[in-house]
Amino acid sequence: MIEVVLNDRLGKKVKVKCNEDDTIGDLKKLVAAQTGTRADKIRIQKWYNTYKDHITLKDYEIHDGMGLELYYN
């Protein structure tokens, strides 16, 4: 299990526990459950790279304690 920190820069910082073999889509569902936002309205980025839903966290080299940016579409 790893813990990923997502910050939306609007005052909301979410810590989510997930597995490295989870996809970005699974991570969005976990974030949606904690924030109350629909999963299809969430976009996860790091700098200018928008992460695709079907690729795993391990493939993106997302590790324990890593911070990602959370945006709303």
Side-chain angles (χ1 to χ4, degrees):
M1 294 284 286
I2 63 171
E3 186 176 63
V4 181
V5 179
L6 293 109
N7 190 357
D8 69 351
R9 298 185 187 178
L10 297 171
K12 191 177 290 184
K13 195 177 227 183
V14 182
K15 291 183 180 180
V16 179
K17 291 214 180 263
C18 54
N19 294 318
E20 279 193 337
D21 58 345
D22 287 348
T23 63
I24 294 293
D26 296 336
L27 179 63
K28 284 184 181 181
K29 290 176 188 171
L30 293 170
V31 172
Q34 284 193 10
T35 61
T37 309
R38 290 186 4 218
D40 59 337
K41 295 289 183 184
I42 292 174
R43 186 173 80 231
I44 297 175
Q45 283 186 224
K46 183 71 173 183
W47 288 93
Y48 294 106
N49 298 329
T50 301
Y51 293 143
K52 308 290 185 217
D53 286 353
H54 62 282
I55 300 178
T56 64
L57 301 178
K58 188 187 299 181
D59 291 339
Y60 276 126
E61 297 180 0
I62 296 174
H63 304 294
D64 189 31
M66 190 166 176
L68 300 174
E69 298 164 8
L70 180 64
Y71 294 99
Y72 307 109
N73 291 338

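For the numbers below, each heavy atom of this structure counts, side chains included, while hydrogens, waters and symmetry mates do not.
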Write out all pairs satisfying salt bridge (Lys or Arg N to Asp or Glu O under 4.0 Å) with one or both partners inside residues 33-48, taking only residues at least two apart or from two chains. Arg38-Asp40

Minimum heavy-atom separation for Asp64 and Glu3, please, with both atom names. OD1-N, 2.7 Å

State whether the side chain of Asn7 and the backbone N or O of Lys13 hold a donor-acceptor pair below 3.5 Å, judged by distance alone. no

Are side-chain heavy atoms of Val5 and Met66 found at a separation under 4.5 Å? no

Under the side chain to side chain contact (heavy atoms under 4.5 Å, CB included) rule, what do Leu57 and Asp26 come out as? Steps first, then yes or no, please. CA-CA 10 Å; Leu57 301 178; Asp26 296 336; over 6 Å; no

Nearest 0.5 Å, please: how far is OH in Tyr71 from CG in Leu6? 11.5 Å

Identify whether Val4 and Tyr72 are in the same connected component of the hydrophobic contact network (ILVMFWY, side-chain heavy atoms under 4.5 Å). yes

CG (Leu27) and OH (Tyr51) are apart, to the nearest 0.5 Å, by 10.5 Å

Could you state the interatomic distance from OG1 (Thr35) to CG (Leu30), rounded to the nearest 0.5 Å? 10.5 Å

When rounded to the nearest 0.5 angstrom, what is the spacing between CG in Asp22 and NZ in Lys17? 13.5 Å

Rounded to the nearest 0.5 Å, what separation is found between the CD1 atom of Ile24 and the CD1 atom of Ile44? 5.5 Å

Ignoring hydrogens and geometry, is there a side-chain-to-backbone donor-acceptor pair from Asp8 to Leu10 under 3.5 Å? yes

Where do Ala32 and Ala39 come nearest, in terms of heavy atoms and distance? CB-N, 3.7 Å

When you group the ILVMFWY residues by side-chain heavy-atom contacts below 4.5 Å and let the links chain together, are Val31 and Ile55 in the same group? yes

Looking at residues at least two apart in the chain, or sitting in another chain, which of them share a salt bridge (Lys or Arg N to Asp or Glu O under 4.0 Å) with Lys15? none

Inter-residue atom distance Asp59.CG - His54.NE2, 0.5 Å rounding: 9.5 Å

Where do Leu70 and Ile42 land on the side chain to side chain contact (heavy atoms under 4.5 Å, CB included) test, with the steps shown first? CA-CA 7 Å; Leu70 180 64; Ile42 292 174; 3.3 Å; yes

